[in-house]
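Scope of the values below: all heavy atoms of this structure, side chains included, with no hydrogens, waters or symmetry mates.
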Amino acid sequence: PVADAARPGLAVLGSARPFVAGQSWGGTAFLGLPAGHPEAIRGTPCIAGGWLEPSRVFPGWEACRRALAPPHLVGRPLADIEGHVRAAHRDWPEAGIRGALANFEVRADGTVAPWLTFDRHIAVLHGLWDHHPSARYPAVHAPVLLVPVDGHDHEQTARKRRDVEAALAALPNARSVWFEGDHDIHAQRPDELADVMRQTTINGFFR
């Protein structure tokens, strides 16, 4: 598991007590880290993730795979990819656009290939399918900040609110701050997100 793989890094940091933040499935994966080592980290901000449990949403793995598999983008021209990203995210800052494009290797002929290959993406998705964060909530004693995003899809947001409320009820030390916007809120509104985490620290939630 990702959380287990991160533990040697905590040993190297010693008494530094870092934040361990994750976005989307990263937030869900890293939520297991404070369960095993609550004294080693200051807190866990989970951005648009931490409660994701697709096995509770889809009737089976194949249905999940069909719905969430990424598009096949190998060989697409960079200009097409950049045009799509800019058109889909007109309110993103330039740093967010550039960050999204950095997910692609740009080949000599001007086409791209995702650094995260299709097969590895599916492997990560399958790991998320097998992962059940709700079973670990009671053991997570380090402070957890859940940052869900309302993307204005009524059905998804209603389910998200149920899942976040269930997580807040089961986690021993958690709070939430909602945003409105895109799933990649860190790319869309980085300054506001950073300010939320800074204020949460100043207010003493992250010890």
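- Listed by first then second residue, pairs satisfying side chain to side chain donor-acceptor pair (under 3.5 Å) with a partner in residues 196-205 read D195-R198, not counting sequence neighbours.
- Take R120 and apply the side-chain hydrogen bond (donor to acceptor under 3.5 Å, both in side chains) test, not counting sequence neighbours, and it matches no residue.
- Heavy-atom minimum distance, T111 versus G75: CG2-O, 3.3 Å.
- Between the side chains of T117 and D119, no donor N or O sits under 3.5 Å from an acceptor N or O.
- Connection of F19 to M197 is established within a shared hydrophobic cluster, with ILVMFWY side chains joined at heavy-atom distances below 4.5 Å, either directly or through further cluster members.
- Among residues two or more places apart in sequence or in another chain, the side-chain hydrogen bond (donor to acceptor under 3.5 Å, both in side chains) test is passed with H121 by none.
- In this structure, L128 and P54 have side chains that are in contact, with non-hydrogen atoms separated by less than 4.5 Å.
- Taking the salt bridge (charged side-chain N to carboxylate O under 4.0 Å, His left out) definition, one finds that D130 meets it with nothing, sequence neighbours left out.
- When all heavy atoms of A187 and W92 are compared, the pair lying nearest together is CB-CZ3, 3.6 Å.
- Linking Ile, Leu, Val, Met, Phe, Trp and Tyr residues whenever their side-chain heavy atoms come within less than 4.5 Å places V177 and L193 in a single cluster.
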W51/L168 under side chain to side chain contact (heavy atoms under 4.5 Å, CB included): CA gap, chis, key distance, verdict:
CA-CA 10 Å; W51 58 87; L168 292 172; over 6 Å; no
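- Taking the side chain as every heavy atom from C-beta outward, P114 and V74 approach each other to under 4.5 Å.
- Residues G50 and C46 share a closest heavy-atom pair of CA-CB, 4.1 Å.
- To the nearest 0.5 Å, atoms CH2 (W25) and CG (L52) are separated by 10.0 Å.
- The structure places CG of L78 at 10.5 Å from CG of D109, a figure rounded to the nearest 0.5 Å.
- Residue L73 is grouped with residue V106 when hydrophobic side chains (ILVMFWY) are merged at heavy-atom distances under 4.5 angstrom, including chains of intermediate members.
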Report, one line per pair, each donor and acceptor closer than 3.5 Å where one atom sits in a side chain of residues 156-166; sequence neighbours left out.
unit_1: T157; atom_1: OG1; unit_2: D150; atom_2: OD1; d: 3.0
unit_1: T157; atom_1: OG1; unit_2: D153; atom_2: O; d: 3.0
unit_1: K160; atom_1: NZ; unit_2: V149; atom_2: O; d: 2.5

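- Every salt bridge (charged side-chain N to carboxylate O under 4.0 Å, His left out) that R98 has, sequence neighbours left out, goes to E82, E94.
- Summarising the local packing, NE2 of H84 is surrounded by 12 or fewer heavy atoms from other residues, nucleotides or ligands at distances under 6.0 Å.
- Atoms CG and NE2, from D182 and H152 in turn, are 9.0 Å apart once rounded to the nearest 0.5 Å.
- Distance alone, capped at 3.5 Å, is enough to place a donor-acceptor pair between the R189 side chain and the E180 backbone.
- Heavy-atom minimum distance, G43 versus P45: O-CD, 3.7 Å.
- With contacts defined as side-chain heavy-atom distances shorter than 4.5 Å, the pair H126/R65 does not qualify.
- Linking Ile, Leu, Val, Met, Phe, Trp and Tyr whenever their side-chain heavy atoms come within less than 4.5 Å leaves L116 and I47 in two separate clusters.
- In this structure, V147 and Q23 have side chains that are not in contact, with every pair of non-hydrogen atoms separated by 4.5 Å or more.
- A distance of 8.5 Å separates SG of C64 from CD1 of I122, quoted to the nearest 0.5 Å.
- Across all their heavy atoms, R107 and A113 have their closest contact at NH2-CB, 3.5 Å.
- Note that the CZ atom of R136 and the NE2 atom of H131 stand 6.0 Å from one another [nearest 0.5 Å].
- At a threshold of 4.5 Å between non-hydrogen side-chain atoms, the residues S134 and R56 count as touching.
- Expressed to the nearest 0.5 Å, how far CG of N173 lies from CZ of F205 amounts to 4.5 Å.
- Contact between P133 and E53 at its shortest, heavy atoms only, is CD-OE1, 3.5 Å.
- Here the side chains of I81 and L101 are in contact, with some heavy-atom distance below 4.5 Å.
- Using a 4.5 Å cut-off on side-chain heavy atoms (C-beta onward), L145 and F206 make contact.
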